[in-house]
Amino acid sequence: IVPRSDKDSLMQSLARMAFTLKDNHKKAELVGLLKNGQNIINNEVRGNLSEQHLAEKAISALCKHMEVQGGIFYQHDVENESLEFLSGYALNKDSKIAMSVKKGEGLAGQILIDKTAVLLDDLPDNYCNIQTLTAKAQAKNVILYPLINDGEVMAVIELVSLNPMTKTQLEFLDIVQETICIALISARHREKTEGLLAYTQKQTSELKSRQDELENSNTQLAEQTQNLEQQKQVIESTKNELEVAMHLAEQASASKSDFL
């Protein structure tokens, strides 16, 4: 709608209304897109997943929905103060992937200190190759994004793209990071619980084995005691018989002396 003149207030109002409706429609589409992406991530990371499996599903879903060409998922090893590689998406075998990154080492390690995302544009050649069955291209944009819960970095994801990262993509990461963090917490608690359960079962099994060994030892000891008691009885019986025989012999000797 185009007003015929500056004094055409009706057309100007209609034009503003049309612009507002169009703008609201775009915002609604954006909200719908973000909401749909959030639902996709929710569905991917829910369930009784190990941290490894969760990382695989999360990085795959993020790359597909955000339409980026590659990604890496690092977990934060708090005890060793490092980032440890868990999973990757569409990685080229020629790409040099760090399996472990110490705190403060490089941009990824620095995120453990700064706790803020890092966006890199116009990457140098051979930084990261993206390969299909028929072609190879060089990534030109990378984002290193920390997944933070209660002020602590739980993981860091690296996404590589042939195109510049958009504001919508960055907003999407802000929206879904809480979902992924909650799933990570659940996975870690589950693995810890399963580990404690396995340890308890092992201890119980070892204790039962020791009890069985002790019972066997007690049984053997009881049998040995019984055998000793039987031997003692035999010895006592033999001793008594010997004493009787000696007494009889003494009586016979005395009778012989009297006879002589």
Side-chain angles (χ1 to χ4, degrees), residues 30-31 33-66 68 70-89 91 97-121 123 128 141-161 164-197:
L30 176 59
V31 170
L33 179 65
L34 293 173
K35 187 65 177 178
N36 179 58
Q38 187 177 17
N39 290 335
I40 290 174
I41 299 299
N42 285 339
N43 291 332
E44 288 296 319
V45 301
R46 61 196 267 179
N48 297 326
L49 304 176
S50 66
E51 193 168 358
Q52 174 74 46
H53 194 194
L54 187 150
E56 292 172 359
K57 293 174 74 69
I59 196 66
S60 176
L62 285 171
C63 289
K64 291 176 182 177
H65 184 74
M66 294 176 63
V68 298
I72 301 174
F73 194 109
Y74 287 98
Q75 71 169 161
H76 180 200
D77 185 337
V78 179
E79 183 176 349
N80 294 318
E81 293 190 324
S82 64
L83 293 172
E84 302 298 328
F85 176 88
L86 269 190
S87 183
Y89 177 82
L91 299 179
I97 306 300
M99 302 305 292
S100 180
V101 180
K102 288 294 184 181
K103 182 178 182 180
E105 180 182 346
L107 292 176
Q110 188 64 32
I111 287 181
L112 292 177
I113 300 174
D114 298 338
K115 302 178 181 179
T116 57
V118 176
L119 183 62
L120 303 175
D121 297 322
L123 297 174
C128 179
N141 298 274
V142 167
I143 183 170
L144 294 163
Y145 191 92
L147 300 177
I148 298 176
N149 180 72
D150 288 337
E152 296 299 326
V153 177
M154 297 195 64
V156 173
I157 56 175
E158 179 175 351
L159 301 174
V160 297
S161 176
M165 295 288 177
T166 66
K167 182 180 178 181
T168 301
Q169 288 174 313
L170 299 180
E171 185 177 350
F172 177 68
L173 289 175
D174 291 337
I175 291 174
V176 300
Q177 76 156 323
E178 182 179 2
T179 298
I180 301 176
C181 282
I182 292 174
L184 280 172
I185 292 172
S186 298
R188 290 178 184 179
H189 285 172
R190 189 181 308 109
E191 290 180 357
K192 184 177 181 180
T193 301
E194 290 174 353
L196 290 174
L197 178 60

Just by modelled atom types, is the Met66 backbone N or O under 3.5 Å from a matching donor or acceptor in the Gln169 side chain?
-> yes

Could you grab the distance from atom CG of Leu144 to atom CG of Leu107, nearest 0.5 Å is fine?
-> 6.5 Å

Tyr145 OH to Leu170 CG distance, which is reported to the nearest 0.5 Å = 8.5 Å

Apply side-chain contact (heavy atoms from CB on, under 4.5 Å) to Leu173 and Leu62, showing your working.
-> CA-CA 9 Å; Leu173 289 175; Leu62 285 171; 4.2 Å; yes

What are the two closest non-hydrogen atoms of Glu51 and Gln75, and how far apart are they?
-> OE2-NE2, 3.0 Å

Verify side-chain contact (heavy atoms from CB on, under 4.5 Å) between Leu159 and Met165, making sure each step is shown before the conclusion.
-> CA-CA 10 Å; Leu159 301 174; Met165 295 288 177; 4.1 Å; yes

Just wondering, do Arg190 and Asn48 contact through their side chains at under 4.5 Å, heavy atoms?
-> yes

Between Gln52 (side chain) and Leu86 (backbone), is there a donor-acceptor pair under 3.5 Å?
-> yes

Does Ser50 offer a backbone N or O that forms a donor-acceptor pair with the side chain of Glu191 under 3.5 Å?
-> no

Point-to-point distance, once rounded to the nearest 0.5 Å, from CD1 of Ile180 to CD of Glu44 | 10.5 Å

Closest non-hydrogen contact found for Ile113 with Gly104 is CD1-CA, 3.8 Å

Pair Leu112-His76, side-chain contact (heavy atoms from CB on, under 4.5 Å): steps then yes or no = CA-CA 8 Å; Leu112 292 177; His76 180 200; 3.7 Å; yes

Where do Asn141 and Pro164 come nearest, in terms of heavy atoms and distance?
-> ND2-N, 3.3 Å

Do Asn36 and His65 come close enough that some side-chain heavy atom pair is under 4.5 Å?
-> yes

Rounding to 0.5 Å, atoms CG (Leu83) and CE (Met99) come to a distance of 12.5 Å

Gap separating the CD atom of Gln177 from the CG atom of Asn149, nearest 0.5 angstrom = 8.5 Å

Which atom pair, heavy atoms only, marks the closest approach of Phe172 to Gln38?
-> CE1-N, 3.6 Å

Give me the one residue out of Leu147, Val176, Ile148, Val45 that meets side-chain contact (heavy atoms from CB on, under 4.5 Å) with Cys181.
-> Leu147

Of all the heavy-atom pairs spanning Ala61 and Ile41, show the shortest one and how long it is.
-> CB-CD1, 3.6 Å

So Phe85 and Tyr74, would you call those rings parallel, tilted or perpendicular, with 30° and 60° as cut-offs?
-> perpendicular

Between CZ on residue Arg188 and CE on residue Met154, distance to nearest 0.5 Å = 4.0 Å

Write down the atom of Gly109, the atom of Val101, and the distance for their closest heavy-atom approach.
-> N-CG1, 3.7 Å

More than 12 foreign heavy atoms under 6.0 Å from CG of Asp150: is that the case here?
-> no

Kindly check if the number of other-residue, nucleotide or ligand heavy atoms within 6.0 Å of CD (Glu178) is above 12?
-> no

More than 12 heavy atoms of other residues, nucleotides or ligands under 6.0 Å from CZ of Arg46: is that the case?
-> no

